[in-house]
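Notes follow the structure.
In this chain, numbering begins with 1 at the start of the sequence shown. In each ligand, atom 1 is the first atom listed, and ligand 1 is the first ligand listed.
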Amino acid sequence: MLKGIAASAGVSVAKVYKLETPKVVIEKKTIEDADAEVAKFEAALEKTKTDIEGVKERAAKRLSEEELAVFDAHLMMAGDPDLHDQVVAAIKNENVNAEYAVDNYANMAIALFETLGEYFKERIADVKDVTFRLKCNLTGVMIPDLTSINEDSVIVAHDLTPSDTAQLNEFVKGFATEIGGKTSHSAIMANSLEIPAVVGCAGVLEACNTGDIIALDALDGVIVVNPDEATIEAYKAKAVKFAEDKEALKVLKDAKSITSDGHEVELAGNIGGFKDVEGVLKNGGEGVGLFRTEFLYMDSKDWPSEEEQFQAYKQVLEGMGGKKVVVRTLDIGGDKHLDYYDFPEEMNPFLGYRAIRLCLDQKDVFRTQLRALCRASVYGKLCIMFPMIATVQEFCDAKAIFEEEKAKLIAEGIAVADDIQVGMMVEIPAAAVLADQFSKYADFFSIGTNDLIQYSMAADRMSQKVSYLYQPWNPSILRLIKMTIDGAHKNGKWAGMCGAMAGEPKAVPILLGLGLDEFSMSATQILNARKQVTSITYEAAQELAAKCLEQDTADQVLDLVSEYMA
Ligand code: PEP
Ligand code: MG
């Protein structure tokens, strides 16, 4: 039995298909004929492009346009003049062999993306994928063809590249990889294909061979290789139960999020762009509670123009078909960087020049985004919120800039919706404590627990060493959440939550009882949250929340919820 990370829910029992990544050995060689080497490289590059197009064509049977976009990114990368020119220059100037030059180029590009942080992980995977293909083509190494799988199988691999995952056909009943985390590309793809996946499972490759039987439990992150009959039966039963529960949840897709004694809340989804809209709707999302617009900026080579942003916001608003969309203005800084902007050196970037602080300083950047949002507002139901608000003054300054841009657009004869709500994230304890005053100015709050917890506990959310302090269930955090909700209600405003806590099954009843009006989470958590909301009474949730607020420790709160949920 091996342990890994459950990355895409489900259970499967099937035969192992062991994906052995071919070894490509790159040696540095001095070449005699640079022109011939360039020709060899260019032919391999062309073949790489044709191969990617072929994979895309085969994958198109199963994937949506958005999911296929990974191949467009690969084709763009393979067609990047920078790749071609740098490799050709290395061959000509240094007389090195093409595969060595490609390998060098790949290492440089990967090193660069690594310095740009967490959000560029996908790019790194793309560079590896494309340059691996290219190196295989240069050295005559065959890449295994996953589309040839024709019996029920669980793929076991060191890792799956984006093109591997895109080739998975209906016979693939799940996969297990040695590396990767919940947010790695393969995990995201597994979720969208709805196949079980366990990732980060060290030793799995060595533990099995093609043809072995494997029980893949991607609910608990467990793998059993060649289980006995009784174990097989137990996992098969677990798979059936999972499928039944999933079906039962689907019934709730269009249901109201209402408790059995009639208290209604809203369950929404968090998105990073238009590609996530379909997932929110498919999972019964009643709106978007957080559109993280920083991706638009991070995926761009320069500050995105007003027009580019307008198109992006319009697409999301239209895609949501009139359902509420809360767009968060640029939340950059901390660990999120831009290729085209030099952030000041700071001792504590998480406490430094970021988010609304940067926007209030770089007003042109802020104004461009607000104009784009105002223009898009007529295509749906738009709410705007500012991140990292610490003082009432900051909120009023930001809102005043919004009003100015809105007025300018109207004077220019451009239509702007007249019902745009303007709210703020509550993710700094100072804002939570003063929520009853903030709510005189803000139309709504959205609690960002990811940051609220790190700032309240003074514990960096990225640090492993102090992760024990990252305690959503600490009564101090619950009290800050209560202050925020009560503060909003005092002036007739609504309070939502878009931090990861909102979708945690153990948090849902407490938050409901504290009076939270809107919960925004990953799309795949929505139906489960709806099941929870519809299965309890508001009265019971209120009782539970009141008890939780009176505990001393996070563990005591967790015990209370577990008892309640049992
Ligand atoms: C939060 O802080 O809870 C939040 C939703 O924002 P982010 O995770 O993007 O900082
Ligand atoms: Mg935040």
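- Scanning Glu427, Arg354, Arg292 for the heavy atom closest to atom 5 (C) of ligand 1 points to Arg292.
- Using a 4.0 Å cut-off between charged side-chain N and carboxylate O, Glu550 and Lys547 make no salt bridge.
- For Tyr341 and Trp303, the gap between ring centers is short of 6.0 Å.
- A salt bridge links Arg354 with Asp331; the closest basic N to acidic carboxylate O contact falls under 4.0 Å.
- Shown here is Lys406, whose NZ atom has more than 12 heavy atoms of other residues, nucleotides or ligands within 6.0 Å.
- At a heavy-atom distance under 4.0 Å, no atom of Met497 approaches ligand 1.
- For the pair Gln454 and ligand 1, no heavy-atom separation below 4.0 Å is found.
- Annotation: cation-pi pair Lys493/Phe444 absent, no NZ/CZ under 6.0 Å from the ring centroid and within 45° of its normal.
- In this structure, Phe438 has its ring center no closer than 6.0 Å to that of Phe395.
- Salt bridge status for Glu266 with Lys324: present, with a side-chain N to carboxylate O gap under 4.0 Å.
- Taking distances strictly below 2.8 Å, the protein N/O/S atoms close to the Mg ion (ligand 2) are Glu427 OE1, Asp451 OD2.
- Atoms of ligand 1 found under 4.0 Å from any heavy atom of Arg461 (numbered from 1 in listed order, with element): 2 (O), 7 (P), 8 (O), 10 (O).
- Near Gly448, meaning under 4.0 Å from any of its heavy atoms, are these atoms of ligand 1: 1 (C), 2 (O), 3 (O).
- A salt bridge links Glu286 to Arg530: at least one charged side-chain nitrogen sits closer than 4.0 Å to a carboxylate oxygen.
- Ligand 1 lies nowhere less than 4.0 angstrom from a heavy atom belonging to Met501.
- By the criterion of a heavy-atom distance under 4.0 Å, neither the backbone nor the side chain of Met388 is placed next to ligand 1.
- Between Glu307 and Arg375 there is a salt bridge, since at least one side-chain N of the basic residue sits less than 4.0 Å from a carboxylate O of the acidic one.
- Taking the six-membered ring wherever Trp is involved, the centroid distance between the rings of Phe274 and Phe295 does not fall below 6.0 Å.
- For ligand 1, the atoms lying closer than 4.0 Å to a non-hydrogen atom of Lys336 are 9 (O).
- Near Cys498, the atoms of ligand 1 lying under 4.0 angstrom from a non-hydrogen atom of the residue are 5 (C).
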